[in-house]
Undergrad: 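Mind looking over this structure? Questions follow.
Everything numeric in this text was worked out from a predicted model, so none of it was measured.
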Amino acid sequence: MSSPVPTVSQVLTDLVAQAVAAAGHGDLALPVEPASPAGNRQHGDYQSNHAFRMAKPLRSSPRAVAEQLLAHLPPHPAVARAEVAGPGFLNLHLDEAWLCAHLVAQVSDPHGGQPQDGAGRTVVIDYSSPNVAKRMHIGHMRSTIIGSTLDRLYRATGYRVVADNHIGDWGTQFGMLIVAWRRWLDAAAFEADPVGELERLYVAFREAAKEDPALEDLARAETAKLQAGDPENRALWQRFIAISLVEFQGVYDRLGVRFDEVLGESFYNPALPGVVADLLAAGIAEESDGAVVVRFSADHAVKAVRDKILVIRKQDGAFLYGTTDLATLEHRLSTWAPAGIVYVTDGRQQLHFQQVFAAWRAWRTARGLDPDAVALDHTWFGTLRLPEGHMGTRLGNVIRLVDLLDEAVRRARAVVDEKSPQLSETERAAIAEAVGVGAVRYADLSQNPQSDVVFEWDRMLALDGNTAPFLMYSYARCRSLQRKGEVRPEDVDLSALAVSHELEGALVRLLLRTPEVVAAARAGHRPNLLCDHLFETAQAFNRFYFELDVLKAETAALKASRLALVEASARVLGRGMAVLGVPALERM
RNA sequence: GCCCCCGUAGCUCAGUGGAUAGAGCAACCGCCUCCUAAGCGGUAGGCCACAGGUUCGAUUCCUGUCGGGGGCGCCA
């Protein structure tokens with residue numbers, strides 16, 4: 001329907017590429033370094049550092065090459081002025097009328113000017129993956145929130161995404177649970193909080209087994225019966241899964257998380273003997289002390305796996321999660337033919353995934369198949385710890401995810417009640433829910449995923465400064481202004497946009513950069529880049545809002561222009577917040 | 001022992017092979033008769049752990065040292 005809108009960086013990079021060709025250096029086979037926003041306003045809007053790259057092969061000075069590029073730079077409406085500065089920077093000062101027109105084109109585009117570079121490609125994203133029969137705690141938060149944001153980033157850039165929740169629904173804990181269920185079930189407690197009761201039963205079992213080791217044997221027997229298809233155990237197991245999924249869904253609905261598939265570990269169970277047999281037959285795996293292992297050589301290309309062993313079948317014949325991961329990989333590849341698979345887990349699983357990937361690649365090669373048919377990516381995040389140390393069900397210091405959300409909403413509610421007492425009870429409750437949950441999501445997303453996190457309530461639940469509520473407030477201000485001015489967003493004449501003040505110019509430039517930032521955040525699996533940018537953009541909006549009059553602007557033209565800028569801001573912020581999973585409210 | 005991450009303002013953290021390293025919080029000084037003060041402006045705060053190297057340019061890349069976290073055959 002509409003032609004795609006290039007990013008500003010793309011327009012300028014193309015221009016530099018043309019200058020390279022016009023200067024007769026098109027044969028350098030050197031990809032043109034993308035033009036980047038200038039670090040300092042005095043250095044223009046964007047800068048091209050490509051002359052530095054070209055200088056060496058040309059045996060010339062960067063400065064001289066930059067001068068040459070400048071001389072051959074084709075005229076373009078975007079560029080008001082270009083100059084060479086310092087040792088060889090090509091500084092580009094952009095034309096504000098062009099910037100405005102480009103911003104209007106961007107925000108009018110169905111994709112918000114977001115290049116759809118993933119069009120036609122599929123990516124599977126594996127995230128959240130909680131264990132059945134346990135309530136989700138804050139340890140599940142990072143995978144869920146970061147994963148769902150990667151999901152949104154990929155979709156925003158045109159990919160077809162298969163979000164797959166690989167839940168932990170298989171394993172020896174079910175035997176324990178079945179034993180405990182039959183002995184100690186508190187029916188009333190189960191009625192009130194089903195998964196909470198399952199969790200209590202599990203902990204009770206572990207406690208009791210310390211005193212009475214015979215319980216372990218009973219549990220093993222029940223696990224074996226379950227795996228052999230015993231109808232009673234199987235029915236119980238299915239019930240555990242069903243109630244757990246209901247519980248998870250409650251959290252997912254609040255967090256704005258949804259999956260395309262929920263294929264738990266048990267789904268792959270039937271395939272596991274075949275995987276092991278195949279790997280043995282292919283010579284990838286071998287028997288060792290009664291177990292089956294994949295052994296990696298001391299000079300393996302992947303340094304991390306050197307001299308390491310991946311066990312895929314235990315001495316007792318049971319399979320491990322590495323086995324399941326291999327079967328899962330095969331299934332995903334044959335079912336969805338993805339260009340990539342992204343696993344979002346804790347950083348402590350780095351070695352595990354390196355081993356699984358290496359084993360799978362060797363297996364592919366042994367079958368005469370392309371090991372590079374799919375890009376495997378383990379996107380890991382830093383460990384979440386409590387100020388006092390580690391957290392665990394058995395340590396008894398877990399913070400449940402629902403409790404975190406409830407506390408966030410409670411704090412948000414106190415602020416809403418104070419700031420907006422005129423709103424109805426229902427509306428204040430809805431705002432508090434959105435603000436609280438948004439704050440939690442943003443707190444996790446706004447730092448580098450790979451940093452370790454020490455969980456602190458006040459930081460996680462902050463409502464001022466660089467937080468989701470700040471973005472939400474900025475957006476709500478746009479809408480408030482439109483209501484007061486009695487303009488419907490869809491009626492705003494965007495073409496009236498012009499820059500008459502440097503605060504407007506700064507805002508326009510930031511709004512225009514958003515698609516570049518979304519692309520970078522997706523490519524680097526770094527949602528925090530988008531958080532930073534939206535925060536900066538919202539700050540620029542608030543400065544504009546504070547300093548300049550919109551509805552009371554001196555002239556009709558100025559008012560029209562500023563209303564256009566407000567609408568453009570609302571669209572960009574709203575779109576960006578949607579990618580982060582932070583709700584955009586009409587008022588707060 | 002080997003492998004992976006981290007060390008940036010008082011605190012919590014961003015950041016990039018580019019020009020003068022940023023934000024939030026905390027501290028201090030200001031701004032609501034005016035479109036939402038969940039906001040805006042200002043002051044103060046730094047050997048980017050340390051030492052070498054790579055180059056036009058290193059906080060960023062490489063090597064080493066020190067300090068912290070994590071992982072390393074039958075848990076996930």
Side-chain angles (χ1 to χ4, degrees), chain A residues 36 38-40 42-43 47 49 51-52 55-56 61-63 85-89 91 129 131 168 171-173 265 288-295 302-316 318-322 324-325 345-352 354-355 380 382-383 385 412 415-416 418-420 435 439 446-448 450-454 456 458-459 462-474 476-485 526 528-529 531-532 535-536 538-539 541-553 562 566 587-588:
Chain A
S36 55
N40 183 323
Q42 288 146 23
H43 297 136
Q47 62 184 50
N49 301 333
F52 292 106
K56 183 157 270 181
S61 77
R63 174 93 199 185
F89 299 106
N91 291 340
S129 309
N131 289 322
T172 53
Q173 73 270 29
E265 292 171 9
S288 170
D289 299 330
V292 178
V293 305
V294 177
R295 202 180 288 280
V302 180
K303 209 195 257 184
V305 305
R306 287 176 188 172
D307 280 327
K308 292 288 184 290
I309 279 172
L310 177 69
V311 180
I312 58 174
R313 196 178 71 197
K314 300 201 281 186
Q315 285 176 328
D316 66 7
F319 304 104
L320 291 105
Y321 79 131
T324 307
D325 283 339
T345 84
D346 188 288
R348 287 175 293 196
Q349 295 190 40
Q350 283 176 86
L351 174 59
H352 170 72
Q354 290 306 311
Q355 291 187 127
W380 57 269
T383 313
R385 278 192 306 277
V415 178
V416 186
E418 182 203 330
K419 308 277 182 187
S420 306
V435 168
S446 61
Q447 58 189 304
N448 189 323
Q450 296 190 347
S451 302
D452 286 343
V453 175
V454 175
E456 283 161 306
D458 287 346
R459 188 150 58 85
L463 303 174
D464 328 285
N466 186 358
T467 62
F470 177 78
L471 299 183
M472 299 169 84
Y473 178 74
S474 308
R477 270 187 154 174
C478 295
R479 292 305 184 214
S480 167
L481 212 42
Q482 291 172 335
R483 277 193 304 274
K484 191 138 292 187
R526 299 265 305 282
N528 65 306
L529 298 180
C531 292
D532 273 359
F535 175 63
E536 213 181 316
Q539 274 183 318
F541 173 79
N542 282 305
R543 283 184 200 118
F544 154 78
Y545 177 93
F546 183 80
E547 289 293 333
L548 305 173
D549 290 324
V550 177
L551 301 177
K552 285 173 278 179
R562 289 181 181 160
V566 168
R587 70 183 87 226
M588 63 187 278

Undergrad: Ring of A:His352 versus six-membered ring of B:A76: centres under 5.5 Å and planes under 30°?
TA: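 Answer is no, no stack.
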Undergrad: Report the residues that fulfil salt bridge (charged side-chain N to carboxylate O under 4.0 Å, His left out) with A:Arg477, sequence neighbours left out, ordered by chain and then residue number.
TA: none
Undergrad: Rounding to an integer number of angstrom, what distance separates B:G24 and B:C40 when you compare their P atoms?
TA: 8 Å
Undergrad: Sequence neighbours excluded, which residues qualify as side-chain hydrogen bond (donor to acceptor under 3.5 Å, both in side chains) partners of A:Ser446?
TA: none
Undergrad: My understanding is that only residues two or more places apart in sequence, or in another chain, count here; which of them pass ring-ring contact (aromatic ring centres under 6.0 Å, His included) with A:His352?
TA: A:Tyr321
Undergrad: Please determine, for the side chain of A:Asn91, which listed nucleotide (B:U20, B:C72, B:A19) has the closest atom?
TA: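 The listed nucleotide nearest to A:Asn91's side chain is B:A19.
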Undergrad: Choose from B:C13, B:C75, B:G71 the nucleotide whose nearest atom is closest to any side-chain atom of A:Arg459.
TA: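 Looking only at heavy atoms from C-beta outward on A:Arg459, the closest nucleotide is B:C13.
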Undergrad: Using a 4.5 Å cut-off on heavy atoms from C-beta on, say whether the side chain of A:Tyr545 contacts that of A:Val566.
TA: no
Undergrad: Whenever both distances are under 3.5 Å in a Watson-Crick or G-U wobble pair, mark it; put RNA chain B into dot-bracket that way, with [ ] for crossing pairs and | when the partner is on another strand.
TA: (((((((..((((....[...)))).(((((.......))))).....(((((..]....))))))))))))....
Undergrad: What residues, two or more places apart in sequence or in another chain, satisfy side chain to side chain contact (heavy atoms under 4.5 Å, CB included) together with A:Arg526?
TA: A:Asn448, A:Pro449, A:Asn528, A:Leu529
Undergrad: With a 4.0 Å cut-off on heavy atoms, is A:Arg385 in touch with a base, just the backbone sugar-phosphate, or nothing at all?
TA: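 The residue A:Arg385 makes sugar-phosphate contact but no base contact.
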Undergrad: Taking the P atom in each of B:U65 and B:C3, what is the distance between them to the nearest angstrom?
TA: 11 Å
Undergrad: Extract all donor-acceptor atom pairs below 3.5 Å that involve side chains of residues 303-316 of chain A and protein atoms in other chains or at least two apart in sequence.
TA:
unit_1   : atom_1 : unit_2   : atom_2 : d
A:Arg306 : NE     : A:His300 : O      : 2.7
A:Arg306 : NH2    : A:His300 : O      : 3.1
A:Gln315 : NE2    : A:Asp289 : O      : 2.7
A:Asp316 : OD1    : A:Ala318 : N      : 2.8

Undergrad: Can you give me the N/O atom pairs linking the protein to nucleotides 1-5 of chain B at distances under 3.5 Å, or say none if there are none?
TA:
unit_1 : atom_1 : unit_2   : atom_2 : d
B:C4   : O2'    : A:Gln350 : OE1    : 2.8

Undergrad: Could I get the full list of side chain to side chain contact (heavy atoms under 4.5 Å, CB included) partners for A:Thr383, not counting sequence neighbours?
TA: A:Asp346, A:Arg348, A:Arg385, A:Asp452
Undergrad: For B:C34, does the O4'-C1'-N9-C4 or O4'-C1'-N1-C2 angle fall within 90° of 0, making it syn, or is it anti?
TA: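 Because its glycosidic torsion lies more than 90° from 0, B:C34 adopts the anti conformation.
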Undergrad: Would you measure the distance from the C1' atom in B:A21 across to the matching atom in B:G57 and give it in whole Å?
TA: 16 Å
Undergrad: Side chains of A:Gln349 and A:Trp380, heavy atoms from C-beta outward: is any pair under 4.5 Å?
TA: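 They are not in contact (no side-chain heavy atoms under 4.5 Å apart), so the answer is no.
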Undergrad: Nearest to the A:Lys56 side chain among B:C75, B:A19, B:U55, which nucleotide is it?
TA: B:U55
Undergrad: If we take the C1' atom in both B:G10 and B:C5, what is their distance in whole Å?
TA: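 Pairwise C1' distance, B:G10 against B:C5, rounds to 26 Å.
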Undergrad: Check whether the side chain of A:Asp346 and the base of B:A76 form a donor-acceptor pair under 3.5 Å.
TA: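 Result: no qualifying N/O pair found.
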Undergrad: Please confirm whether the shortest side-chain N or O distance from A:Asn49 to OP1 or OP2 of B:G17 is below 4.0 Å.
TA: no
Undergrad: Name the pairs: protein N/O against N/O of nucleotides 57-60 of chain B, kept only if under 3.5 Å.
TA:
none

Undergrad: Mind listing the N/O atom pairs, protein and nucleotides 34-39 of chain B, below 3.5 Å?
TA:
unit_1 : atom_1 : unit_2   : atom_2 : d
B:C34  : O2'    : A:Lys552 : NZ     : 2.2
B:C35  : O2     : A:Leu551 : N      : 3.1
B:C35  : N3     : A:Val550 : N      : 3.1
B:C35  : N4     : A:Tyr545 : O      : 2.6
B:C35  : N4     : A:Leu548 : O      : 2.1
B:U36  : OP1    : A:Ser480 : OG     : 2.6
B:U36  : OP2    : A:Ser480 : OG     : 3.4
B:U36  : OP2    : A:Lys484 : NZ     : 3.4
B:U36  : O5'    : A:Tyr545 : OH     : 3.4
B:U36  : O2'    : A:Tyr473 : OH     : 2.3
B:U36  : O2'    : A:Arg477 : NE     : 3.0
B:U36  : O2'    : A:Arg477 : NH2    : 3.4
B:U36  : N3     : A:Met588 : O      : 3.2
B:U36  : O4     : A:Met588 : N      : 3.1
B:A37  : OP2    : A:Arg477 : NH2    : 2.3
B:A38  : OP2    : A:Lys419 : NZ     : 2.1
B:G39  : O2'    : A:Arg477 : NH1    : 2.9

Undergrad: Compare the minimum distances between each of B:G73, B:G71, B:A14 and the side chain of A:Val311, then state the nucleotide with the smallest one.
TA: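 The closest nucleotide is B:G73.
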Undergrad: Can you name the residues that form a ring-ring contact (aromatic ring centres under 6.0 Å, His included) with A:Phe52, not counting sequence neighbours?
TA: A:Phe89
Undergrad: For B:C66 versus B:A76, give the span between their P atoms, rounded off to a whole number of Å.
TA: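 Between the two P atoms, the distance is 37 Å.
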Undergrad: Taking atom C1' in both B:C25 and B:A44, what distance in whole Å separates the two?
TA: 15 Å
Undergrad: Does the side-chain ring of A:Tyr321 sit on the six-membered ring of the B:C75 base, less than 5.5 Å centre to centre and under 30° in tilt?
TA: no
Undergrad: Distance check, P atoms only: B:A14 and B:A9, in whole angstrom units.
TA: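 My reading of the P atoms in B:A14 and B:A9 gives 12 Å.
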Undergrad: Not counting sequence neighbours, which residues clear side-chain hydrogen bond (donor to acceptor under 3.5 Å, both in side chains) with A:Thr467? List them please.
TA: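 In terms of side-chain hydrogen bond (donor to acceptor under 3.5 Å, both in side chains), with neighbours along the sequence ignored, A:Thr467 is linked to no residue.
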Undergrad: For the base of B:A19 and the side-chain ring of A:Phe89, does the geometry meet a stacking cutoff of under 5.5 Å between centres and under 30° between planes?
TA: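 Yes, aromatic ring over the base.
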